[in-house]
Amino acid sequence: MAELKDVQARYPGAETFSFGDTPALIADLTALVRSGAKRATCTARVEVEGGQEQMPVIGRRDIALDADGRPALVIETKELVETTWADMPAQMALAEGEDDTLESWKAGHRRYYERKGIFSEDMVLIWERFEVVEEF
């Protein structure tokens with residue numbers, strides 16, 4: 001099992017994060033990445049501005065943690081697109097690998113952001129396409 005300090009030493013400048021905000025969601029989303037179904041994610045700009053999330057950077061390699069805070073994956077950001085929840089294109093939403101339709105993506109992301117207390121239809125999202133560099 002990889003130790004975080006060792007992975008950080010191999011990937012200097014990498015940020016750490018988890019896909020999701022609950023142990024079950026982290027496990028589910030990380031499994032989707034491992035399977036290859038999930039190759040995109042999004043971050044709310046308000047969370048970046050508030051310091052709760054780091055701004056993704058094209059070319060940077062970041063460490064995705066599992067629900068226990070252990071390294072699960074290293075990803076490299078390949079593309080960033082700013083959009084709003086309301087204007088999210090279906091192709092981008094479906095690249096997140098969590099849903100089969102734009103409508104189900106919108107419903108799930110509405111619930112997620114409402115749970116965090118930040119949802120609005122015009123909220124700015126930073127959509128990120130990534131590749132997996134290493135799995136642990």
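The structure displayed is predicted, hence computed values, not measured ones.
- For the atom pair CE of Met123 and CD1 of Ile118, the computed distance is 4.0 Å after rounding to the nearest 0.5 Å.
- Residues passing the salt bridge (Lys or Arg N to Asp or Glu O under 4.0 Å) test with Arg34 are Glu135, sequence neighbours excluded.
- Residues Ala67 and Pro23 come closest through the heavy atom pair CB-CA, 3.7 Å.
- Residue pairs satisfying the salt bridge (charged side-chain N to carboxylate O under 4.0 Å, His left out) criterion with at least one member in residues 64-76, sequence neighbours excluded, are listed as follows: Arg61-Glu76, Asp66-Arg70, Asp68-Arg70, Glu76-Lys78.
- Think of Met55 as one node in a network of Ile, Leu, Val, Met, Phe, Trp and Tyr side chains linked at under 4.5 Å; its network also takes in Val48, Ile58, Leu80, Ile126.
- To the nearest 0.5 Å, atoms CD1 (Ile75) and CZ (Phe17) are separated by 3.5 Å.
- For the atom pair CG of Leu125 and OH of Tyr113, the computed distance is 5.0 Å after rounding to the nearest 0.5 Å.
- Applying the side-chain hydrogen bond (donor to acceptor under 3.5 Å, both in side chains) test to pairs two or more places apart or on separate chains, those with a residue in residues 17-29 are Asp21-Arg115.
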Enumerate, atom names and distances included, each donor-acceptor pair closer than 3.5 Å involving a side-chain atom of residues 88-97, sequence neighbours excluded.
residue, atom, partner, partner atom, Å
Glu96, OE1, Trp105, NE1, 3.4
Glu96, OE1, His109, NE2, 3.1
Glu96, OE2, Trp105, NE1, 3.3

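- Under the side chain to side chain contact (heavy atoms under 4.5 Å, CB included) criterion, Val33 pairs with Phe19, Lys38, Arg39, Leu73, Phe130, Val132, not counting sequence neighbours.
- Take Glu15 and apply the side chain to side chain contact (heavy atoms under 4.5 Å, CB included) test, not counting sequence neighbours, and it matches Gln54, Arg60, Asp62.
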Sequence neighbours left out, cut at 3.5 Å: what donor-acceptor pairs do the side chains of residues 6-14 make with other protein atoms?
residue, atom, partner, partner atom, Å
Arg10, NH2, Glu134, OE1, 3.2
Arg10, NH2, Glu134, OE2, 2.8
Tyr11, OH, Glu134, OE1, 2.6

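- Applying the side chain to side chain contact (heavy atoms under 4.5 Å, CB included) rule to Asp100 yields no partners; only residues at least two apart in sequence or on another chain are considered.
- Closest approach of Pro71 and Ala2 over heavy atoms only: CD-O, 3.5 Å.
- Taking CZ of Phe136 as the start and CD1 of Ile63 as the end, the distance is 7.0 Å to the nearest 0.5 Å.
- By the salt bridge (Lys or Arg N to Asp or Glu O under 4.0 Å) test, Glu103 is found to be paired with no residue, residues two or more places apart in sequence or in another chain being considered.
- With sequence neighbours left out, the side chain to side chain contact (heavy atoms under 4.5 Å, CB included) criterion links Ala31 to no other residue.
- The two residues Pro56 and Thr77 make their nearest non-hydrogen contact at CB-OG1, 4.3 Å.
- Under the side-chain hydrogen bond (donor to acceptor under 3.5 Å, both in side chains) criterion, the residue pairs touching residues 116-127 are Glu47-Lys116, Arg110-Glu121, Tyr112-Lys116, Ser120-Asp122, with sequence neighbours excluded.
- Proximity of a side-chain donor or acceptor of Thr30 to a complementary backbone N or O of Ala27 within less than 3.5 Å is not detected.
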